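For reference, the structure discussed in these notes is given below.
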Amino acid sequence: MEKITGYRLEALKALCNRIALEYPEAIGMALIELNCGCIKACGVSAKGDPIGPLQTISSRGNDSYAPVCFKCRQDEGKFMERVVQRGLMWPGAAGERPDRSLRVSIGRKVFGAGFIELE
């Protein structure tokens, strides 16, 4: 995944940690970035199963009055057509992540056989 920075990175880190606390079976977070800049994220188990609800990090920043952008409000759940990148995020420090083979296995279950982990 390309580098996510600023407000969106901080919001993703907070969401990832919240998911880990609320859903002990979640070991990470699957995320997809849309062409509008919003990010959809969901907890993921060690088997690659979704954990908890799909949540949105708005491209508009935390000072916005709307939780999602206009495109996301208009697409009525058909956002998969607007995915520009996919990836996984892990709570905690880099040394606390699952081993690489498990991360790739989870990624392939969530995103398909073509998933590769970019460092």
Side-chain angles (χ1 to χ4, degrees):
M1 237 181 132
E2 288 183 32
K3 197 81 163 160
I4 295 173
T5 60
Y7 157 76
R8 295 181 320 145
L9 179 60
E10 293 307 313
L12 282 172
K13 286 180 181 179
L15 178 58
C16 191
N17 288 326
R18 190 171 75 232
I19 287 172
L21 290 172
E22 291 177 9
Y23 303 96
E25 65 276 22
I27 66 167
M29 185 170 73
L31 49 104
I32 55 174
E33 185 174 12
L34 306 176
N35 62 0
C36 59
C38 290
I39 299 171
K40 302 268 188 193
C42 178
V44 65
S45 75
K47 293 180 180 179
D49 297 323
I51 304 289
L54 185 64
Q55 300 182 49
T56 302
I57 303 295
S58 175
S59 62
R60 301 179 63 171
N62 60 354
D63 59 343
S64 172
Y65 67 91
V68 294
C69 75
F70 184 73
K71 275 187 178 181
C72 287
R73 283 185 285 164
Q74 297 298 312
D75 74 7
E76 300 177 352
K78 298 176 187 167
F79 60 85
M80 292 304 288
E81 301 162 0
R82 301 188 301 111
V83 174
V84 294
Q85 62 179 334
R86 309 162 196 262
L88 298 166
M89 188 172 204
W90 312 99
E96 298 171 343
R97 292 195 284 175
D99 65 45
R100 187 175 194 290
S101 63
L102 179 58
R103 295 190 315 257
V104 170
S105 173
I106 292 169
R108 288 185 177 158
K109 172 132 191 230
V110 173
F111 300 119
F115 176 82
I116 56 171
E117 182 180 56
L118 303 174
E119 290 294 327

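The structure presented is a predicted model; accordingly, all values stated were derived computationally and were not measured. Hydrogens, waters and symmetry mates play no part in the numbers below; they use all other heavy atoms, side chains included.
- For the residue pair A41 and L15, the shortest heavy atom distance occurs at CB-CD2, 3.8 Å.
- For the pair E96 and P91, the tightest heavy-atom approach, listed with the atom from each and the gap, is OE1-O, 4.3 Å.
- Within the 4.5 Å cutoff, side-chain heavy atoms of K71 are placed close to those of N35.
- Shortest non-hydrogen contact noted between Y23 and P53 is OH-CD, 3.3 Å.
- L31 CG to L54 CG: the interatomic distance, rounded to the nearest 0.5 Å, is 10.5 Å.
- Follow the hydrophobic side-chain contacts under 4.5 Å out from V84 and you never reach F70; the two are in separate clusters.
- Nearest heavy-atom pair across G37 and R8 is O-NH1, 2.6 Å.
- Taking each heavy atom of G48 and V110 in turn, the nearest pair found is O-CG2, 3.5 Å.
- In this view, F79 satisfies the ring-ring contact (aromatic ring centres under 6.0 Å, His included) rule with no residue, not counting sequence neighbours.
- The structure places OG1 of T56 at 12.0 Å from CZ of R73, a figure rounded to the nearest 0.5 Å.
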Stepwise side chain to side chain contact (heavy atoms under 4.5 Å, CB included) check, C38 with R82: CA-CA 10 Å; C38 290; R82 301 188 301 111; over 6 Å; no
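- Put simply, the side chain of R108 gets close to the backbone of F115: a donor and an acceptor are under 3.5 Å apart.
- No side-chain donor-acceptor contact under 3.5 Å links R103 to the backbone of L88.
- Within the model, atoms NZ of K47 and CD of E25 stand 11.5 Å from one another, a figure rounded to the nearest 0.5 Å.
- Here the CE-CZ distance, from M89 to R97, works out to 10.5 Å after rounding to the nearest 0.5 Å.
- Summarising the geometry, atom CG belonging to N17 is positioned 9.0 Å from atom CE belonging to M29; distances are rounded to the nearest 0.5 Å.
- When every heavy atom of I106 is checked against every heavy atom of S45, the shortest pair comes out as CD1-O, 3.8 Å.
- With respect to I39, the side-chain contact (heavy atoms from CB on, under 4.5 Å) criterion is satisfied by exactly one of L9, L34, I57, I32: I57.
- In this structure, the separation between CZ on R100 and CD on E117 is 5.0 Å, given to the nearest 0.5 Å.
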